[in-house]
Amino acid sequence: MKKRVLALLLASLTALSLLAGCGSKSTEPSSTDPATSTDTPAEGSPKVLTIGISSDLMTLDPQAHAQAVTDNMFQMISVRLFRRDNSMALVPEIVTDYEIVDDTTWKMTIRDDVVFSNGDPLTSADVKFTIEREATDTSLVENNFWKGIKEVEIIDDHSFYIHTYDAKPDLLSLLAKSGGDIMPSKYIEEVGMDEYIKDPIMAGQYKLKEWIPNDHFTLVKNETYYGEPGIWDEITFRPIPESSTRVSELLTGGVDIIDNVPPNEWERINGSADDHMVTGDTSRILLLNIRCTEGTVTADPRVREAIELAIDKDQICNELLQGAGTPTRTRVGSGVTGFNWDLFGSENANLYNPERAKELLAEAGYPNGGCPITYTAGKGKTLMDSEIAQMCAAMLTAVGFDVNLEIVDGSVLSDTWSSKTNKEIIQIGLSDSQYDAAYPLIHYGDKNRVAGLTDYDSKECQALYQAALTNMNLEERAEQMKEIQTIASNDRPHVCLCQLKNLFGVSNQINFTPRMDDFYIPNEITPVN
């Protein structure tokens, strides 16, 4: 099986993704004609783009995170073997030729003109270092996704084999996700990894100029980039957790784009003479991560079911989010290969039944209510997160839960999640950087991945997950992943609330169409004049 087989595999993966509902983005029209504005940069002045975001970077180690903001930064300063285009289809980035040699061997060739920003050429040795570090270092947060790779065998400076332990149908999508950012092995050998992550050298269109935590990080054009140069001389991201402050910064010209605009601010932005709203689809699922840990009240499946039945997801999506969310019961987003449509939408996903929730609590030993739970949520981390948490807490209280609601800032929420120090419930928004259900379903298929987080242990899900990981029959594989979602939706280690849209405020001086992966692609964001 040569390149033609790979092309069929790519086409099949893309077709399944599109069938799963990877829809087009809807853009609300600007309230003014951008062409009438006179606020344009002087001819010849540097082109500077400033973006206000709701949270900061987590780390400068490209493989020690599972955070969207950090992934967004690295995809701008790095190259990967594969990427996703605007339709979320897999396309080669620096790979020029590839084939399946056998079920566990892939042969690839990369460009010979790619160099890192320090001038070192990018070779097969750098690919080997990058992939094998992620696949073998169990301390890295994404090791669970990469550990199926056995080794990278170098053929020459620009050709290599990737050997996997078993058949790996999701390999190409894995190489396109976070953790696949190619790092300079020679430079890291010289300075050490600790020194490298203070100032990561990459080979992308931009390079990191500086990061001042909780203030800004700035990218500048990489003059050694092999491809089309960036149209922006400088791109600055400013973490602004408070949504009203982000909006004010946009309206006063302090930033050009902001994310996570809450519904109560939409009219304010669209009513501006200088700015407008833009809506984009995402794969992000807002969910309640619930401990199944022995000894906790939520270890009882009746308590977990009562949590879901107590919450009116329609009210959250229609009243709080004003249509910027769709009720769901699955951790997999509707634009992702392997998505289960039977768990999506109001009719399928809103199980609101407060009377039955009270009965379940009584059966679990709380006939008079008073079931104690701690509910932790962020503020400004995802769209309307603190408001949603307050509404959910009120609904849970109404059926008999004694809720200790903790609203914390985004960095505290991230630390709580990554350190697995969450109590009974932590509300968090999780996206899918791989756009394959194997990525989110690891929460149900690998008990080691969720040890200390949910402690969910389903032998049935684990068997299905392991089978899906090596199944080269893509249709059968998709059905296995759908079945995992059905089982998990009834066991409820997660109570999934809704699939979120992302709402952006954009200056009329900027042309910007959101992508489903929330990536900012510099040359796809253009000045109007």
Side-chain angles (χ1 to χ4, degrees), residues 56-81 93-94 110-154 156-158 160 162-163 174-226 237 411 414-415 418-420 433:
D56 199 7
L57 296 174
M58 178 177 286
T59 177
L60 291 183
D61 185 334
Q63 296 182 328
H65 72 91
Q67 187 216 33
V69 172
T70 305
D71 189 26
N72 213 332
M73 190 275 289
F74 274 110
Q75 64 86 19
M76 285 187 279
I77 70 170
S78 75
V79 294
R80 298 174 182 176
L81 297 179
E93 182 174 10
I94 64 169
I110 57 174
R111 301 177 64 109
D112 61 6
D113 58 349
V114 183
V115 297
F116 293 101
S117 59
N118 67 346
D120 288 347
L122 189 154
T123 70
S124 298
D126 304 305
V127 175
K128 178 179 176 68
F129 172 83
T130 298
I131 293 178
E132 291 187 355
R133 178 183 185 238
E134 189 80 285
T136 60
D137 187 343
T138 57
S139 71
L140 296 173
V141 68
E142 299 236 331
N143 166 258
N144 278 304
F145 301 103
W146 293 79
K147 64 184 181 182
I149 297 176
K150 183 178 181 181
E151 68 169 333
V152 176
E153 178 188 353
I154 295 174
D156 56 39
D157 279 352
H158 300 102
F160 51 88
I162 297 179
H163 298 286
L174 182 69
L175 297 174
K177 72 176 292 298
S178 55
D181 310 282
I182 307 301
M183 297 185 288
S185 57
K186 178 184 174 184
Y187 177 74
I188 293 172
E189 185 178 352
E190 292 171 356
V191 303
M193 182 58 69
D194 289 343
E195 193 65 26
Y196 170 75
I197 62 176
K198 295 178 183 178
D199 182 17
I201 300 298
M202 289 286 186
Q205 190 178 51
Y206 282 79
K207 59 184 179 180
L208 181 65
K209 178 182 178 181
E210 64 178 356
W211 174 33
I212 307 299
N214 300 313
D215 187 81
H216 72 276
F217 58 93
T218 298
L219 313 179
V220 293
K221 284 195 289 188
N222 177 13
E223 302 299 336
T224 68
Y225 181 59
Y226 73 91
F237 289 83
S411 61
S414 294
D415 289 344
S418 59
S419 63
K420 300 181 180 180
S433 62

*Asks:* Salt bridge (charged side-chain N to carboxylate O under 4.0 Å, His left out) for Lys198 and Glu195? Distances and angles first, verdict last.
*Replies:* CA-CA 5 Å; Lys198 295 178 183 178; Glu195 193 65 26; 3.3 Å; yes
*Asks:* Locate the shortest heavy-atom distance separating Asp137 from Ser139; write the atom from each residue and the value.
*Replies:* OD1-OG, 2.5 Å
*Asks:* State whether the side chain of Asp157 and the backbone N or O of Thr123 hold a donor-acceptor pair below 3.5 Å, judged by distance alone.
*Replies:* no
*Asks:* Return the minimal non-hydrogen interatomic distance between Phe160 and Ser124, and the atom names on each side.
*Replies:* CD2-OG, 3.6 Å
*Asks:* Look at atom NZ of Lys186 and say whether more than 12 heavy atoms of other residues, nucleotides or ligands are closer to it than 6.0 Å.
*Replies:* no
*Asks:* Do the side chain of Asn222 and the main chain of Lys207 share a donor and acceptor less than 3.5 angstrom apart?
*Replies:* no
*Asks:* Report all side-chain donor-acceptor pairs from residues 145-152 shorter than 3.5 Å, counting only partners two or more places apart or in another chain.
*Replies:*
{"residue": "Lys147", "atom": "NZ", "partner": "Asn144", "partner atom": "OD1", "Å": "3.1"}
{"residue": "Lys147", "atom": "NZ", "partner": "Asp446", "partner atom": "OD2", "Å": "3.3"}

*Asks:* Report the distance from atom CD of Glu134 to atom CG of Leu174, rounding to the nearest 0.5 Å.
*Replies:* 8.0 Å
*Asks:* In Å and rounded to the nearest 0.5 Å, what is the CG to CZ distance from Leu175 to Arg80?
*Replies:* 10.5 Å
*Asks:* Should we say atom CD of Glu210 is surrounded by more than 12 heavy atoms from elsewhere, each under 6.0 Å from it?
*Replies:* yes
*Asks:* Determine whether Ile201 and Asp120 satisfy the following criterion, side-chain contact (heavy atoms from CB on, under 4.5 Å), listing intermediate values before the conclusion.
*Replies:* CA-CA 10 Å; Ile201 300 298; Asp120 288 347; over 6 Å; no
*Asks:* Got a second to check how far Gln75's CD is from Ser178's OG, nearest 0.5 Å?
*Replies:* 11.0 Å
*Asks:* Between Gln63 (side chain only) and Thr130 (backbone N and O only), is there a donor and an acceptor less than 3.5 Å apart?
*Replies:* yes
*Asks:* Determine whether a donor-acceptor pair (N or O, by modelled atom type, separation under 3.5 Å) exists between the side chain of Asp126 and the backbone of Ser185.
*Replies:* yes
*Asks:* Please step through side-chain contact (heavy atoms from CB on, under 4.5 Å) for the pair Phe217 and Asp56, ending with a clear verdict.
*Replies:* CA-CA 9 Å; Phe217 58 93; Asp56 199 7; 4.0 Å; yes
*Asks:* In Å, rounded to the nearest 0.5 Å, how long is the span from OG of Ser433 to CG of Asn72?
*Replies:* 11.5 Å
*Asks:* Begin from the C-alpha positions of Asp71 and His65 and carry the test side-chain contact (heavy atoms from CB on, under 4.5 Å) through to its verdict.
*Replies:* CA-CA 8 Å; Asp71 189 26; His65 72 91; 3.8 Å; yes
*Asks:* Look at the rings of Tyr187 and Tyr196 and say which category their plane angle falls in: under 30° parallel, 30 to 60° tilted, over 60° perpendicular.
*Replies:* perpendicular
*Asks:* State, yes or no, whether a side-chain contact exists between Ile94 and Tyr226 at a heavy-atom distance under 4.5 Å.
*Replies:* yes
*Asks:* Measure the spacing between OG1 of Thr70 and CG of Asp61 and express it to the nearest 0.5 Å.
*Replies:* 10.5 Å
*Asks:* According to side-chain hydrogen bond (donor to acceptor under 3.5 Å, both in side chains), who are the partners of Lys177, at least two apart in sequence or on a separate chain?
*Replies:* Glu142
*Asks:* Any idea which heavy atoms bring Pro200 and Leu208 closest together, and the distance?
*Replies:* CD-CD2, 4.2 Å
*Asks:* Could you tell me whether the side chain of Gln205 reaches within less than 4.5 Å of the side chain of Lys221, counting heavy atoms only?
*Replies:* no
*Asks:* Could you give the distance from CG (Leu122) to CD1 (Ile182), rounded to the nearest 0.5 Å?
*Replies:* 6.5 Å
